[in-house]
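In what follows, a structure is listed as structure tokens, so that the remarks can point back to it.
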Amino acid sequence: MVEKTLAIIKPNAVRNGVAGKILAMWEEAEFSIRALKRVQLTQVQAAGFYAEHEGKPFFGGLLEFMTSGPVVLVVLEKENAILDNRTIMGATNPDNAAEGTIRKLYADSFTENAVHGSDSPTSAAREVSYFFNVFELTA
Ligand code: ATP
Ligand code: MG
């Protein structure tokens, strides 16, 4: 099934100047870039986005990191986009990420792990509409 998934190029990757390299990896893997924008998230926006992790020990550090600089928000589309993006991203902890994955190449630590990707159809639908309105998705 053709799916959309929400990806984020996180602040460490933008700061390190590898946003373009990450976008190129998605295009080489045949994802279509359906929408894209650079923003600096507020604490409230980041907390709402990561609401499922509220109360966990890493939540404060995650919000501090995600608001520490601009991010690039991307809607990717292809057949099986959600799972295929999780595969190309690599494991959450970059120490466990497979060779050639985005996190293996561009993560700086467990928290500063370069990219986000939706983990299910339900979260993809929520996350795409959290950041993009219908007019931004029709081009
Ligand atoms: P994301 O949701 O960002 O795509 P993920 O789905 O692979 O990542 P989650 O379990 O949803 O992983 O965690 C969200 C983010 O919180 C991780 O990407 C990472 O930045 C941070 N994080 C998660 N667990 C830890 C941890 N134990 N220590 C430090 N940071 C963590
Ligand atoms: Mg997640």
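All values below come from the heavy atoms of this structure, side chains included, with hydrogens, waters and symmetry mates left out. Here the structure is a predicted model, which means the values were calculated and not measured. Read the numbers this way: they start at 1 and go in the same order the structure lists the ligands and their atoms.
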Q. Exactly which residues line ligand 1, taking a heavy atom under 4.0 Å from it as the test?
A. Lys10, Tyr50, His53, Phe58, Leu62, Arg86, Met89, Thr92, Arg103, Phe110, Thr111, Asn113, His116, Gly117
Q) Short question: side chain of Arg86, backbone of Asp119 - any donor-acceptor pair under 3.5 Å? A) no
Q) Do the side chains of Phe49 and Leu41 get nearer than 4.5 Å, heavy atoms only? A) no
Q: Answer whether the closest heavy-atom distance between the side chains of Gln45 and Thr67 falls below 4.5 Å.
A: no
Q: Please determine if Lys37 forms a cation-pi arrangement with Phe132, meaning its NZ or CZ atom is less than 6.0 Å from the six-membered ring centre and no more than 45° off the ring axis.
A: yes
(Q) What I'd like to find out is whether the side chain of Leu6 reaches to under 4.5 Å of the side chain of His116, using heavy atoms alone. (A) yes
Q.
Applying a strict under-4.5 Å side-chain criterion to I, L, V, M, F, W and Y, I'd like to know whether Leu105 and Leu76 cluster together.
A. yes
